[in-house]
Amino acid sequence: MSEISKTYEPQAIEEKWYADWLAKDCFTADPASNKEAYSIAIPPPNVTGVLTLGHVLNNTIQDILARRARMLGKEVLWLPGTDHAGIATQNVVEKSLRKAGEMKHRDDLGREKLVEKIWQWKDEYGGKILKQLRALGASCDWSRTRFTMDPEYSACVQRVFVDLYKKGMIYRGKRMVNWCPVALTALSDEEVIMKPTNGLLYYFKVEVADVPNTFLTIATTRPETIPGDTAIAVNPNDVRYAHLIGKFAKRPLPLENQALIPIVAEESIDIAFGTGVLKVTPAHDKADFEIGQRHQLETIEVIDPRGVMNELAGADLAGLERFEARKISVELLSKLGLLEKQEPYQNNVGYSERADVPIEPRLSEQWFLKYPSVKESLAVVADGAMKFYPERWAKVYDHWLGGIQDWCISRQLWWGHRIPVWSGLMHMNGSDLCKILSGAIMTGRLSGIPAHVIDETVISINDRRFNYTATELKEHCLASPDSHHQIVVCTTNEDFGNIFYTIGLDRDPDVLDTWFSSWLWPFATMGWPDKTATLAKFYPTTDLVTGPDIIFFWVARMIMAGFEWMGEMPFRNVYFTGIIRDKQGRKMSKSLGNSPDPLDIIAKFGADALRFGVMRSAPLGSDVMFDEKNVELGRNFCTKLWNAARFRQMYEGDTEGEINPSLLTSDDRWILLKLDSAIREISAALDEYRFSDAAQALYRFFWSEYCDWYLEASKAALGRVPLPTEAPMSPEEAAAAYPLRANTLAVIDFILAHTLRLMHPFMPFITEELWQSLGFREELPPDQGGETIMFARWPQPFDADFIAHYDLTPLENAAAVAKYDTVLAGRNLRSTYNIPSNKRVRFVLQPNETLAAHDAEVLKILLNAESLDIVSNYVAPQGTPTNLTPLGHLFLPLEGLIDVAAERERLGKEITKVTDELAKVRTKLANPGFADKVPAAVLDEHRQREVTWQEKLAQLEKMQAALG
RNA sequence: GCGCGGUUAGCUCAGUGGUAGAGCACUACACUGACACUGUAGGGGUCGACAGUUCAAACCUGUCACCGCGCACCA
């Protein structure tokens with residue numbers, strides 16, 4: 001036991017204990033342990049990221065889960081790491097390079113140099129966020145920190161690509177994709193955000209050829225794409241236009257090429273929308289592309305990848321940015337006299353998630369993936385083998401998974417896992433071939449390989465199981481001369497497996513979508529594809545804690561990957577956090593400046609305060625309104641705990657040992673029973689991921705029950721400690737003066753030792769500090785709290801033996817409750833009569849039954865009474881304020897200060913209240929059918945209630961009459 | 001358009017049929033020996049609206065309104 005300082009200074013103890021935990025290797029997971037496994041793979045933050053309140057929420061939850069699992073005796077792996085986050089990271093580094101004047105455009109550096117720069121940047125600044133997590137107290141196994149572009153991890157990504165390719169699930173194709181004109185890359189459907197956008201709907205007419213004076217009016221939001229129109233579509237059931245199907249109309253733009261385009265029949269046209277006539281631009285609209293396919297329409301691309309009009313858009317538009325071109329094309333239509341009108345119109349436009357500009361649907365050659373293991377992934381959630389918290393996300397998951405389209409996995413970026421596909425003609429000798437081919441996918445035609453080389457070379461195709469000689473390979477290729485034919489080639493040499501070389505052939509320039517690597521996170525971080533001890537012990541992971549915003553991006557895909565390569569779900573439970581908002585309910589954002597730096601908050605209030613404050617206000621399933629007030633509350637709670645520990649330390653002696661049942665007071669029994677309830681409540685809440693409920697229960701138990709009632713009551717048993725100016729008492733003297741003191745200290749120690757454990761997952765630092773300084777570790781085995789509270793056993797509800805031994809019956813509980821109710825009644829009197837709370841006054845109790853001396857002393861202390869006289873035949877002066885309490889009549893004699901009018905008013909108020917309640921319960925009882933239909937217990941309870949109110953009313957009326 | 005949440009005290013939220021709750025904020029009193037980052041007491045709600053079921057509805061059912069989110073989408 002060491003002395004607890006007067007004030008709680010979180011900064012010093014936080015650093016000290018984190019270092020201590022590291023030194024003691026507390027976070028390192030041992031796969032050889034025979035303890036039950038508990039594991040979490042951290043949602044890897046962006047390697048360029050810095051800690052936000054979102055991370056605080058997410059990682060505090062994970063830390064609570066991990067720390068509690070350790071205390072429950074489990075072997076815990078919380079695996080940390082970072083994500084390379086392709087687009088985001090490349091953007092960040094490019095921006096900093098431009099700022100530093102090192103380049104204007106990425107092409108100035110070139111691919112190799114830029115990627116090198118990003119690596120340098122990553123080495124220098126990356127992973128900062130992991131260091132920040134330490135300030136929060138995160139108990140991650142840092143020895144296993146992973147990065148999604150670690151060589152081993154990259155090998156996993158490549159292996160998975162090859163595997164899917166071989167299964168026929170990855171293919172290359174020229175398709176309509178979501179193109180980001182800023183990032184200059186294709187995006188997946190999930191990276192497109194639909195936003196209601198205010199624009200204009202333009203109505204213009206086109207002339208139908210060969211039908212004199214016939215025009216069709218078309219409504220469009222994108223007139224700039226008119227030069228790319230290759231048809232006009234109408235619904236064949238539309239009587240207005242059916243006769244025109246098969247004829248041609250004159251496309252107004254570009255002016256120099258007003259081509260005739262066919263009028264085609266399309267059932268999908270909504271007759272009621274606009275004019276019922278649709279312009280078809282197969283090159284720049286997904287739906288139009290499909291129409292184009294059905295009618296074999298020409299595809300004319302008029303917008304380039306940057307979103308700038310090209311020559312095919314015509315001289316008037318070429319070189320203009322797409323929105324500028326929209327204005328000009330409207331002017332052109334107007335000049336031609338073809339523009340009928342334009343009206344304000346709101347429609348949903350797809351925006352690039354990253355760049356926040358409208359997506360340009362664009363035809364391009366990309367790699368696509370047919371999602372694997374969809375059936376298993378649906379089933380595992382549907383049948384409850386994997387649980388979502390809150391459960392409602394299961395429906396969202398189900399819905400998405402039920403309607404997914406192939407995933408566009410290629411990105412036109414430089415930072416990321418490069419697609420392991422080489423293509424071209426091969427001209428090289430056998431040994432180079434062997435090197436080049438390992439783990440790669442070859443596309444293109446194999447030819448020109450000198451025969452003598454081939455014959456000497458053994459190449460395997462379709463994994464290592466099938467070894468073909470090069471001759472066979474040649475035959476295989478010649479049998480499929482299609483230039484798009486694709487084969488998979490691996491080396492037979494195990495050493496070359498999945499290591500790739502880039503010499504000789506043209507490698508696909510694209511990289512893979514970041515999520516194509518993140519979806520392997522739960523097992524690729526554990527050494528897959530090797531059958532490691534870590535995987536065997538810790539896969540599947542137990543819990544995943546993440547935001548619902550990445551349920552499709554990450555969660556669903558991880559589940560599919562888990563089934564596809566591990567044959568099993570990647571985690572058993574998924575906890576979806578809410579989104580952190582400011583107190584006005586707005587999302588945290590840099591531009592709003594409403595996003596405080598968690599490290600500043602930690603510096604100001606301490607990590608434990610931040611953790612507790614956030615968790616207390618983060619109910620399962622709803623967003624978190626962040627308010628610094630909550631952190632203040634957490635800080636206050638820490639201070640309260642600190643001071644309660646100091647109070648314990650005022651009294652001499654270490655832990656007092658076993659509690660003696662024969663010396664227990666009703667207060668002792670009451671707080672022990674409250675502790676038992678708290679243990680049950682907190683454990684149940686944590687089992688169900690109701691963190692805020694657990695935090696509130698902790699707060700209530702410790703503050704409202706332990707400090708406000710028990711500690712105050714315990715002062716009766718503990719007595720006072722001599723002031724420094726007074727002569728100190730010897731232990732013998734103290735024991736004689738306060739015979740209950742030692743036992744009360746034992747109860748206090750019992751409560752504190754349990755409370756610190758219950759608090760530890762939420763507030764690791766302060767609980768460790770107090771665990772140590774109060775000496776609770778001293779008699780415990782090293783692995784059960786003797787070294788650190790981290791491994792102290794999680795409190796269990798009291799068992800039958802314990803309850804019997806200490807006679808913890810609800811009856812005993814009632815005795816304390818009666819006492820406290822009496823105190824409340826007395827304090828109420830005191831405040832009603834404006835007695836200053838520091839003024840010691842005399843109370844008189846006319847008791848129902850004999851009151852034990854100790855209980856009388858407790859009452860006296862809690863009432864801050866000068867004296868509490870127990871007088872069974874007390875005759876109060878007329879008008880003496882009194883309250884009916886469970887222990888009898890409590891009087892507050894005011895000796896000449898009696899304010900009869902005030903007392904009458906107070907009683908009047910009371911009587912009104914009681915009369916109301918009595919009327920309520922009588923109405924219910926008088927209700928015909930109530931007595932017949934209601935369960936007996938409820939009926940009894942109501943009758944009892946009626947009697948109680950009635951008695952109370954009679955008493956009050958008597959008291960009022962006594963006032964005269 | 002389809003689906004999912006939500007609507008309870010000034011604020012943030014508990015409360016799955018039987019006497020409406022917590023924290024914060026507010027008011028009053030008190031710097032008493034663990035704690036003013038405190039203690040004590042108090043005020044404050046026709047539980048979004050309407051209808052139904054029931055002896056009894058914040059709670060169950062239906063309809064509607066408003067807020068938030070997801071999916072789809074008509075140019």
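So that the names make sense, note that chain A is the first sequence line, chain B the second, and so on, each numbered from 1. In this text the structure is predicted, and so the values were computed from the model without any measurement.
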Pairs under 3.5 angstrom, nitrogen or oxygen only, protein versus nucleotides 34-36 of chain B, please.
from	atom 1	to	atom 2	distance (Å)
B:A34	O2'	A:Asn643	OD1	3.2
B:A34	O2'	A:Arg646	NH1	3.0
B:A34	N6	A:Glu712	OE2	2.9
B:A34	N3	A:Asn643	O	3.2
B:A34	N3	A:Ala644	N	3.4
B:C35	O4'	A:Asn643	OD1	3.4
B:C35	O4'	A:Asn643	ND2	3.3
B:C35	O2'	A:Asn643	ND2	3.2
B:C35	O2	A:Lys640	NZ	2.7
B:C35	N3	A:Lys640	NZ	3.1

Check nucleotides 24-28 of chain B against the protein and report each pair of N or O atoms closer than 3.5 Å, with its distance, or say if there are none.
none

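Residue A:Glu917 places its side chain closer to B:U19 than to any other of B:C73, B:U19, B:U32. Taking the side chain of A:Lys933 as heavy atoms from C-beta on, and the options B:G3, B:C55, B:G5, the nearest nucleotide is B:C55. Taking the side chain of A:Lys924 as heavy atoms from C-beta on, and the options B:A41, B:A75, B:G18, the nearest nucleotide is B:G18. Among the nucleotides B:G18, B:A75, B:C29, the one closest to the side chain of A:Ile269 is B:A75. The side chain of A:Met194 lies closest to B:C73 when the candidates are B:G70, B:G3, B:C73. Distances were taken from every side-chain heavy atom of A:Arg720 (C-beta onward) to each of B:G33, B:A75, B:A30; the shortest belongs to B:G33.
Only the P atoms considered, B:U61 is 15 Å distant from B:G18, to the nearest whole Å. Comparing B:G48 with B:U16, their P atoms sit 15 Å apart, to the nearest whole Å. Comparing the C1' positions of B:C35 and B:G21 gives a spacing of 27 Å, expressed to the nearest Å. To the nearest whole angstrom, the two P atoms, one in B:G17 and one in B:G33, are 49 Å apart. B:U32 and B:U40 have their P atoms separated by 15 Å, with the value rounded to a whole Å. Atom C1' of B:A20 sits at a distance of 9 Å from the matching atom of B:G15, rounded to the whole Å. A gap of 24 Å separates the C1' atoms of B:G44 and B:G6, to the nearest Å. Using atom C1' as the reference point in both B:A58 and B:C26, the two lie 25 Å apart (nearest Å).
One atom, CG of A:Leu862, and another, C1' of B:A30, lie 17 Å apart when rounded to the nearest Å. Note: CZ (A:Arg222) to P (B:A75) measures 12 Å, nearest angstrom. B:C67 atom P lies 15 Å from atom CZ of A:Arg581, rounded to whole Å. Computed from coordinates, the A:Lys286 NZ to B:A72 C1' distance equals 12 Å when rounded to whole Å. Between the CH2 atom of A:Trp393 and the C1' atom of B:C71 there is a distance of 12 Å, given to the nearest Å. Remark: P of B:C73 and CD1 of A:Ile193 are 16 Å apart, rounded to the nearest angstrom. One can place CZ of A:Arg392 at 11 Å from C1' of B:G68, the figure rounded to the nearest angstrom. Going from atom CD of A:Gln346 over to atom C1' of B:C73 covers 13 Å, rounded to whole Å.
Classification of the A:Tyr689-A:Phe691 ring pair by plane angle, with boundaries at 30° and 60°, yields perpendicular. The aromatic rings of A:Trp400 and A:Tyr371 lie perpendicular to each other, with more than 60° between the two planes, well past the 30° mark.
In this structure, A:Val721 reaches the bases: a heavy-atom distance under 4.0 Å links it to at least one base atom across the strands shown. Here A:Pro935 lies in heavy-atom contact (under 4.0 Å) with a base.
Base pairing of B:A28: its partner is B:U40, meeting the Watson-Crick or G-U wobble criterion (both donor-acceptor distances under 3.5 Å). In this structure, B:A22 and B:U12 make a Watson-Crick or G-U wobble pair, each of the two defining distances being under 3.5 angstrom. Remark: B:A49 base-pairs with B:U63. Criterion, Watson-Crick or G-U wobble with two distances under 3.5 Å. Within the shown strands, B:C71 is the pairing partner of B:G1 under the Watson-Crick or G-U definition, both distances less than 3.5 Å.
Salt bridge absent: A:Glu866 and A:Arg840 never bring a charged side-chain N and a carboxylate O closer than 4.0 Å. Residues A:Glu360 and A:Arg222 are paired through a salt bridge, judged by an N-O separation under 4.0 Å between the basic side chain and the carboxylate. The pair A:Glu266-A:Arg294 counts as a salt bridge, with a side-chain nitrogen and a carboxylate oxygen less than 4.0 angstrom apart. Between A:Glu941 and A:Arg945 a salt bridge is recorded (basic side-chain N to carboxylate O distance below 4.0 Å). Between A:Arg581 and A:Asp623 a salt bridge is recorded (basic side-chain N to carboxylate O distance below 4.0 Å).
Counting distance only, with no hydrogens placed and no angle test, the side-chain atoms of A:Asn348 and the base atoms of B:C73 include a donor-acceptor pair under 3.5 Å. Within 3.5 Å, a donor on the side chain of A:Arg635 pairs with an acceptor on the base of B:C37, or the reverse. No N or O donor and acceptor, one from the side chain of A:Ser831 and one from the base of B:G42, sit under 3.5 Å apart.
Two rings, from A:Phe637 and A:Phe612, have their centers less than 6.0 Å apart. In summary, the aromatic rings of A:Trp393 and A:Phe388 are positioned with their centroids too far apart to meet the 6.0 Å limit.
In this structure, A:Lys279 and A:Asp189 both approach RNA chain B, and ranking their closest nucleotides by distance from the 5' end singles out A:Asp189. Residue-to-nucleotide proximity on RNA chain B shows that, of A:Asp285 and A:Glu941, the 5′-proximal contact is made by A:Glu941.
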Quiz item: Going through the distances and angles, do A:Trp703 and A:Tyr699 end up as a ring pair (Phe, Tyr, Trp, His ring centres under 6.0 Å)?
Solution: CA-CA 6 Å; A:Trp703 201 311; A:Tyr699 187 89; 5.3 Å; yes
Exercise. Show your working on side-chain hydrogen bond (donor to acceptor under 3.5 Å, both in side chains) between A:Glu340 and A:Thr217 and close with a plain yes or no.
Key: CA-CA 8 Å; A:Glu340 282 194 342; A:Thr217 302; 3.3 Å; yes
Quiz item: Going through the distances and angles, do A:Arg700 and A:Glu681 end up as a salt bridge (Lys or Arg N to Asp or Glu O under 4.0 Å)?
Solution: CA-CA 11 Å; A:Arg700 187 211 61 226; A:Glu681 200 177 333; 3.2 Å; yes
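Using modelled atom types, one finds a donor on one side chain and an acceptor on the other under 3.5 Å when comparing A:Glu9 with A:Thr7.
The side chain of A:Tyr397 contributes no N or O atom lying less than 4.0 Å from OP1 or OP2 of B:G70. Phosphate proximity of B:U38 to A:Asn636: present, with a side-chain N or O under 4.0 Å from OP1 or OP2. Contact annotation: A:Arg827 side-chain N/O to B:A41 OP1/OP2 distance is under 4.0 Å.
A:Arg830 places a side-chain N or O within 3.5 Å of a backbone atom of A:Asn864 that can act as its donor or acceptor partner.
The cationic atom of A:Lys341 (NZ for Lys, CZ for Arg) lies less than 6.0 Å from the six-membered ring centre of A:Tyr203 and within 45° of the ring axis.
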Quiz item: How does protein reach along nucleotides 10-16 of chain B, written 5' to 3' as B (base within reach of a heavy atom under 4.0 Å), S (only sugar-phosphate), or - (no contact)?
Solution: --SS---
